[in-house]
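We name chains A, B, ... by the order of the sequence lines, and we start the count at 1 in each one. Only this structure's heavy atoms are used, side chains among them; waters, hydrogens and symmetry mates stay out.
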Amino acid sequence: MSSSTVAGCGWRTTPAGEAYSTSGYPRSRGSMAVFWADRKAEEIRGRRKFHYLDRELPEFERYVVKSSASISGVLHIGRLSDTIRGESVVRALRDAGEEAALIWVAEDMDPLRKIPEGVPGELEEYIGTPVSSTPDPWGCHSSYAEHHVSEYLEVMGEFLEVEPERYSMREEYRRGSFRPYIKKLLENLELVVEILNKYRKEPLEGGWSPFTPVCKSCGRIITPRVERFDGRKVHYRCRDYSFEKHIARGCGYEGEADPLRDEGKLMWKSEWAAQWARWRVASEGAGKEYVVPGSAWWVNAEICERVLGFPMPVPIFYEHLMVAGEKMSASLGNVIYPREWLRVAPPQLLRFLYNKKLMKTRSFSWRELPKLYDEYDYVARVYHGMESVDNEREEEHLRRLYEMSQIGEPQPALPLPFSHAALVAQLFSSREAILASLKRSGHYVEELEEELLRRVAYAREWVVRHAPERKLSLLESLDDVRDTLSPEQRRFLRLLHEWLSQGERSGEEIQEKIFLLAEEAGVKAPLAFRAIYLVTLGSPRGPRAGPFLASLDRDWLLTRLREAGE
RNA sequence: GGGCCCGUAGCUCAGUCUGGUUAGAGCAUCGGCCUUUUAAGCCGAGAGUCGCGGGUUCAAAUCCCGUCGGGCCCGCCA
């Protein structure tokens with residue numbers, strides 16, 4: 001085993017088990033990039049040697065960044081993180097003048113391990129069967145896997161600029177793409193076992209094989225237990241296998257399979273390695289749980305280099321997204337789906353969230369969406385040179401961050417805070433009324449009309465779905481506010497009541513009249529407005545008074561003003 | 001027992017790799033201005049022992065060591 005030091009490339013070849021620092025800053029000297037993906041690109045391009053071997057790196061005709069997804073589960077925004085971040089590295093490589101590609105692999109040979117909620121029909125008997133052999137319970141696709149994959153691809157397309165090359169593990173195995181690697185792994189079985197055992201408490205049993213066949217009798221992939229490998233074929237028996245919650249029932253069949261001809265797949269610790277070698281992967285993202293020595297990443301890395309002769313990819317380790325401080329999970333009921341996201345925010349905003357520092361836990365909550373928008377708008381202004389930052393490198397970083405968050409042409413900076421959009425959305429519904437309001441409030445820019453309207457629409461959805469507390473709600477009782485009104489304010493409210501009861505008035509008429517009545521009542525305009533908001537909303541401020549009052553139920557308003565003026 | 005990440009203003013964070021003027025931003029808060037943009041705009045203010053303790057240095061949020069708190073991970077399987 002080699003553990004020599006490779007100087008100057010940002011990598012130390014480490015003995016197995018030694019920690020890998022993921023501080024986000026490669027150890028290379030002279031790195032000038034400020035953005036993490038550009039640094040990754042530098043790391044990828046600057047690498048000269050294998051990690052576990054003292055061997056020169058092969059030529060990369062192009063740099064492949066891989067992302068993949070197990071598709072047994074539901075697609076939530078957390079799962080987009082790996083692909084979005086991988087894509088950023090591809091873009092960084094391209095910007096550095098390299099050829100680079102993003103590939104996306106559907107792990108559709110993986111067994112069905114659980115049945116997500118809301119799946120119709122009876123799939124219990126398919127537990128343990130490859131998801132690509134499990135029927136589509138919705139009946140619209142050729143398999144359970146196909147159903148989910150098509151959804152993945154469609155959704156990913158909305159969040160990506162670089163179109164990924166798509167692969168299916170099922171197809172790859174069928175086409176024999178993995179045959180050379182399976183062959184190599186089996187030829188070097190002793191070495192594979194040695195590497196795996198280094199990280200295990202209990203050594204693997206004799207007869208173990210990295211290849212698991214699909215049971216020729218029942219079609220499950222998880223139940224066949226390999227008992228012997230005779231150098232050419234694996235001999236197995238189909239036995240029960242327990243997942244966390246479900247049990248895959250083995251059928252008891254005993255048989256043999258040829259790893260180079262028959263259906264089956266590699267075990268995860270070796271399959272990942274084979275994937276890297278097969279696609280000549282230069283880099284891949286992985287959750288921070290893989291950073292730890294002995295994790296599947298490092299086991300595969302060592303197999304990849306020492307057995308398959310291909311250098312491990314440069315890892316893109318990242319922290320996971322938290323939702324309101326908790327892990328996103330179906331059992332907690334806080335799962336956010338991409339469709340849900342797109343109702344209230346553009347894909348750029350999610351890209352923005354994911355392109356910020358890698359190794360920092362990102363906590364998202366619907367309530368904080370306006371903050372994310374504000375931050376995004378700020379960075380947009382920096383990008384467009386409308387705002388300057390003291391620290392030059394930080395400014396450079398923000399510009400790059402914005403650029404990477406874009407899909408196609410960079411979006412203009414919108415001069416409309418999301419929380420204000422949320423207000424406008426509740427007061428006006430027609431296009432004309434919204435635009436008129438934005439003009440009045442100085443948030444209008446002619447060239448950005450469509451973008452502004454879109455933001456108002458996002459904000460409307462957000463209030464309805466995720467921010468009920470932002471809904472404008474009328475004060476039920478005057479009890480708490482009556483004493484806070486001065487005699488002048490009451491007089492003003494009486495005058496307003498008197499004037500309004502004479503007939504219907506438009507918002508603008510009311511707006512203008514308020515100032516006159518305030519003067520007449522001997523109260524300063526700001527205090528008059530304050531009185532209005534107090535007796536209607538119970539708060540000292542509110543939306544532009546004229547249109548607001550005009551939008552209220554007339555009878556309710558007159559009654560309220562009369563009572564308040566008493 | 002071990003590893004990785006995070007800990008900077010009430011909140012969300014930037015700045016840490018490459019040490020260097022009084023540590024920044026947004027939001028929130030508070031104050032002022034506005035007879036017509038009243039949840040807006042403009043002006044201003046308060047607010048931080050940069051988790052804590054050592055060390056290196058002329059100089060530390062930044063580098064090193066230790067420590068505390070939070071998160072994640074360290075059988076098997078994927």
Side-chain angles (χ1 to χ4, degrees), chain A residues 10 17-34 39 70 72 107 109-111 113 199-202 204 212 221-222 241-244 265 267-269 271-272 287-296 317-320 322 325 327 356-365 368 370-379 382 387 389-391 393-395 397-398 401 416-417 419-420 422-424 426-427 437-444 470 472 508 511-516 518-519 524-526 528-530 532-533 537 539-546 548:
Chain A
E18 189 174 316
Y20 171 81
S21 168
T22 57
S23 59
Y25 304 108
R27 294 205 171 106
S28 60
R29 284 179 296 234
S31 165
M32 291 306 290
V34 289
R39 290 199 193 115
S70 142
S72 52
E107 305 285 354
M109 264 310 266
D110 288 0
R113 17 185 59 234
Y199 301 97
R200 294 173 61 99
K201 210 186 268 176
E202 298 288 322
L204 290 166
T212 342
I221 181 93
I222 198 74
Y241 183 95
S242 353
F243 290 107
E244 276 170 39
K265 75 186 285 292
M267 299 276 230
W268 194 44
K269 287 179 182 172
E271 184 178 65
W272 209 357
K288 66 169 183 175
E289 61 275 20
Y290 291 106
V291 175
V292 61
S295 78
F317 292 126
Y318 50 76
E319 286 265 359
H320 295 285
M322 307 282 275
K327 260 178 119 165
K356 286 158 75 168
K357 240 191 341 197
L358 273 189
M359 287 307 278
K360 182 146 179 165
T361 309
R362 295 293 155 199
S363 186
F364 175 81
S365 72
E368 284 164 12
K371 280 186 178 171
L372 188 61
Y373 265 105
D374 287 346
E375 213 180 324
Y376 181 79
D377 289 342
Y378 165 69
V379 176
V382 170
E387 189 134 14
V389 182
D390 286 344
N391 184 330
R393 286 181 70 79
E394 190 185 340
E395 178 164 334
H397 176 257
L398 293 177
L401 169 60
L416 171 62
S419 54
H420 186 68
L423 176 73
V424 173
Q426 294 185 74
L427 291 174
S437 167
L438 293 179
K439 279 175 191 166
R440 279 196 306 273
S441 62
H443 294 104
Y444 179 81
R470 297 294 280 260
L472 292 178
E508 282 312 307
Q511 184 71 23
E512 286 182 25
K513 192 72 178 178
I514 288 170
F515 289 92
L516 300 173
E519 198 175 350
K524 287 200 153 202
F529 282 104
R530 195 185 171 87
I532 289 172
Y533 298 125
L537 297 170
S539 85
R541 292 179 186 174
R544 191 172 148 87
F548 171 58

Quiz prompt | Gap in Å between the two C1' atoms, one belonging to B:C68 and one to B:C33, rounded | solution = 48 Å

Atom NE2 of A:His397 and atom P of B:C17 are separated, to the nearest Å, by 15 Å

Check your understanding: Is any side-chain heavy atom of A:Lys269 closer than 4.5 Å to a side-chain heavy atom of A:Arg200?
Key -> no

Checklist entry - When the C1' atoms of B:G48 and B:U29 are considered, how many whole Å apart are they? => result 16 Å

Under a 4.0 Å heavy-atom criterion, the protein footprint on nucleotides 19-24 of chain B, written with B, S and -, is ------

Checking B:C13, B:G71, B:G2 against the side chain of A:Val292 (C-beta onward), the nearest is B:G2

Problem - Separation of the P atoms in B:C52 and B:A60, to the nearest angstrom - result: 15 Å

Q. Under 4.5 Å between any side-chain heavy atoms of A:His443 and A:Pro417, yes or no?
A. yes

Out of B:C73, B:C76, B:A78, minimum distance to the side chain of A:Lys269 belongs to B:C76

Side-chain contact check for A:Asp374: nearest option of B:G71, B:C77, B:C27 is B:C27

With both pairing distances under 3.5 angstrom for Watson-Crick or G-U wobble, and | for a partner in another strand, the correct string for RNA chain B is ((((((((.[[[[.)....(...]]]].(((((.......))))).....[[[[[..)....]]]]])))))))....

Validation row, ring centre A:Tyr290 to ring centre A:Tyr318 under 6.0 Å = no

Handout entry: B:A14 versus B:A25 - spacing of their C1' atoms, nearest Å
Key = 7 Å

ask   = Is any side-chain nitrogen or oxygen of A:Arg200 closer than 4.0 Å to OP1 or OP2 of B:C76?
value = yes

Distance between the P atoms of B:A9 and B:A47, in whole angstroms?
14 Å

Against the side chain of A:Arg113, the closest entry in B:G71, B:C27, B:C77 is B:C77

Quiz prompt | Geometric class of the A:Phe515/A:Phe529 ring pair [parallel <30°, tilted 30-60°, perpendicular >60°] | solution = perpendicular

Taken to the nearest whole Å, CG/A:Leu416 to P/B:G41 is 10 Å

TODO: Could you tell me whether the side chain of A:Lys371 has a donor or acceptor atom within less than 3.5 Å of a complementary atom in the base of B:G26?
DONE: no

To the nearest angstrom, the CE-P distance between A:Met109 and B:A78 comes to 12 Å

B:U8 and B:C73, which share atom name C1', separated by this distance in whole Å: 27 Å

Atom OH of A:Tyr378 and atom C1' of B:C13 are separated, to the nearest Å, by 11 Å

Testing B:C17, B:A78, B:C5 for proximity to the side chain of A:Arg39, the answer is B:C17

| said: Distance check, P atoms only: B:U18 and B:C63, in whole angstrom units. | reply: 8 Å

Taking the same atom, C1', in B:A59 and in B:U22, what whole-Å distance lies between them?
15 Å

Under a 4.0 Å heavy-atom criterion, the protein footprint on nucleotides 32-38 of chain B, written with B, S and -, is ---SBBB

